[in-house]
2 protein chains.
Amino acid sequence: MTSPAVSSRDLPHPERDEIRLEGVLHALSDPMRLRIVRELAAAGAELSCSHFDLPVTKSTTTHHFRVLRESGVIRQVYQGTAKMNGLRADDLDDLFPGLLDALLDAAARQAVRIGSG
Amino acid sequence: MTSPAVSSRDLPHPERDEIRLEGVLHALSDPMRLRIVRELAAAGAELSCSHFDLPVTKSTTTHHFRVLRESGVIRQVYQGTAKMNGLRADDLDDLFPGLLDALLDAAARQAVRIGSG
DNA sequence: GGCGTACTACGATGCCTATCGTACGAGTCG
DNA sequence: CGACTCGTACGATAGGCATCGTAGTACGCC
């Protein structure tokens with residue numbers, strides 16, 4: 001194949017209008033998921049699940065990505081065997097202007113302060 | 001007594017440096033608690049627990065206020081039989097500049113959009 | 001002291017969830 | 001086809017948590 005071609009398997013995402021603030025906050029209140037989102041934002045591009053080296057098993061990683069997707073924080077698309085993950089920054093900015101930036105900034109400040117990132 | 005006098009009963013609060021972003025987000029990911037925080041912000045002053053008319057029992061209300069306090073979102077002080085609740089906006093703004101405003105704005109926008117506030 | 005109000009403490013309950021392990025499906029490459 | 005990689009599904013487990021009800025404590029007032 002030339003390009004890996006997007007698989008026919010597609011995943012359920014909430015529409016932009018279905019995204020709830022409570023759901024987003026809950027998704028980001030888990031350290032593992034906050035870390036994933038920070039990495040995605042820092043990369044500024046879509047990353048495969050396997051790119052992340054998290055201190056949990058693959059099952060748990062899958063679980064966290066699903067929570068992020070179902071809460072509307074990320075968008076997931078299959079590309080061959082890989083699943084690419086991208087922040088839904090456009091949708092979030094439209095719904096909650098400035099929130100994502102404030103959250104990422106807050107996470108970065110805390111990482112500096114605590115010294116764990 | 002002239003003024004209700006702050007009771008000797010005092011409540012454990014996290015120091016500013018102990019406040020964690022994950023804890024704040026988790027606290028605000030509950031609709032009841034987000035509602036409390038929005039009311040506190042709208043009032044711009046300290047409010048007693050009994051001021052809030054929440055669709056849950058008083059036991060549950062106590063629980064929610066404790067979660068908010070222990071996560072560092074609010075400060076609670078006894079004044080006679082009443083317990084006054086105030087947002088820790090100063091501490092939060094110092095730790096996470098702009099975050100509280102962004103969260104309150106996001107909640108307000110969602111309330112308008114959904115039509116439940 | 002006695003009463004009423006404001007809030008708490010404790011136990012119970014049912015649900016949600018973070019985690020794991022194993023077994024499996026989908027896709028790519030040789 | 002066969003092997004390998006990436007990720008999923010499912011079941012289990014243990015802990016957390018939102019909720020309730022009842023009983024109890026602290027405080028102010030009469």
Side-chain angles (χ1 to χ4, degrees), chain A residues 1-13 20 22-37 46-71 73-86, chain B residues 1-13 20 22-37 46-71 73-86:
Chain A
M1 290 301 167
T2 52
S3 63
V6 172
S7 165
S8 59
R9 296 184 283 175
D10 57 343
L11 302 150
H13 290 77
R20 292 290 173 272
E22 297 90 326
V24 171
L25 298 183
H26 174 248
L28 298 182
S29 70
D30 182 279
M32 218 60 70
R33 292 194 290 260
L34 185 56
R35 173 169 162 175
I36 290 172
V37 168
E46 300 201 339
L47 298 175
S48 70
C49 291
S50 57
H51 172 273
F52 297 86
D53 187 30
L54 302 174
V56 292
T57 64
K58 283 204 296 182
S59 308
T60 305
T61 302
T62 296
H63 163 69
H64 285 310
F65 276 105
R66 182 171 51 219
V67 172
L68 286 171
R69 169 170 48 84
E70 292 180 347
S71 66
V73 175
I74 67 172
R75 196 177 289 281
Q76 296 189 293
V77 175
Y78 278 105
Q79 245 165 3
T81 62
K83 191 153 85 170
M84 302 307 292
N85 304 277
Chain B
M1 293 298 167
T2 51
S3 62
V6 173
S7 164
S8 58
R9 292 185 284 174
D10 58 343
L11 301 150
H13 289 77
R20 292 291 174 272
E22 297 90 325
V24 171
L25 298 184
H26 173 248
L28 298 182
S29 70
D30 182 278
M32 217 61 69
R33 292 195 288 261
L34 185 56
R35 173 169 163 177
I36 291 172
V37 169
E46 299 201 341
L47 298 175
S48 70
C49 290
S50 56
H51 171 274
F52 296 85
D53 189 29
L54 302 173
V56 291
T57 64
K58 283 206 293 182
S59 308
T60 305
T61 302
T62 296
H63 162 69
H64 285 310
F65 276 105
R66 183 174 48 218
V67 172
L68 286 171
R69 169 170 49 83
E70 292 180 346
S71 67
V73 175
I74 67 171
R75 195 176 289 282
Q76 294 188 296
V77 175
Y78 278 105
Q79 244 163 4
T81 62
K83 190 152 85 170
M84 303 307 293
N85 303 276

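Chain letters run A, B, ... following the sequence lines, proteins first, then strands; residues in each count from 1.
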(request) Specify the separation, in whole Å, of atom NE2 of B/His63 and atom P of C/dT13. (result) 18 Å
(request) Under 4.0 Å between any heavy atoms, over every strand shown, what does A/Thr62 touch: base, sugar-phosphate, or nothing? Just pick one. (result) base
(request) Would you check if A/Gln76 and A/Cys49 make a side-chain contact, meaning some heavy-atom pair closer than 4.5 Å? (result) yes
(message) Looking at every heavy atom in both B/Leu28 and B/Leu34, which two are closest together, and how far apart are they?
(response) O-CB, 3.7 Å
(message) So if I take every side-chain heavy atom of B/Val56 and compare against D/dG7, D/dC20, D/dA9, which nucleotide ends up nearest?
(response) D/dC20
(message) Categorize A/His51 for me: base, sugar-phosphate, or nothing, with a 4.0 angstrom heavy-atom threshold over every strand shown.
(response) nothing
(request) Report yes if at least one side-chain N or O of B/Thr60 is closer than 4.0 Å to OP1 or OP2 of D/dA18; otherwise report no. (result) no
(request) Please report the shortest heavy-atom distance between B/His64 and B/Arg33, naming the atom on each side. (result) ND1-NH1, 3.1 Å
(request) Give the nucleotide from the list D/dA18, D/dG7, C/dA6 with an atom nearest to the side chain of B/Arg33. (result) D/dA18
(request) Kindly indicate whether the side chain of A/Pro12, heavy atoms from C-beta on, has any atom under 4.5 Å from the side chain of A/Arg69. (result) yes
(request) Tell me whether the OP1 or OP2 atom of D/dA26 has a side-chain N or O from B/Thr81 closer than 4.0 Å. (result) no
(message) Check this one for me: any side-chain N or O of A/Ser50 less than 4.0 Å away from OP1 or OP2 of D/dG7?
(response) yes
(request) Mind calculating the distance between CG (B/Leu54) and P (D/dC20) to the nearest angstrom? (result) 11 Å
(message) With nearest nucleotide decided by heavy atoms, which residue, A/His26 or A/Pro55, maps closer to the 5′ end of DNA chain C?
(response) A/His26
(request) Whole angstrom is fine here: how far is it from NE2 in B/His64 over to P in D/dC20? (result) 8 Å
(request) Check the distance between C/dC15's P and B/Asp30's CG and give it to me in whole angstrom. (result) 18 Å
(message) Using whole Å, what does the distance between atom C1' of nucleotide C/dA26 and atom CD of A/Gln79 come to?
(response) 15 Å
(message) Between B/Thr62 and B/Ser59, is there a side-chain donor-acceptor contact under 3.5 Å, judged purely by atom types and distance?
(response) no
(request) Calculate the interatomic distance between A/Glu22 atom CD and D/dC17 atom P; express it in whole Å. (result) 18 Å
(message) Using whole Å, what does the distance between atom P of nucleotide C/dG25 and atom CG of A/Leu11 come to?
(response) 18 Å
(request) May I ask you to evaluate whether B/Ser59 reaches the phosphate of C/dA9, defined as a side-chain N or O under 4.0 Å from OP1 or OP2? (result) no
(message) Expressed as a whole number of angstroms, how long is the span from A/Leu34:CG to C/dA18:C1'?
(response) 16 Å
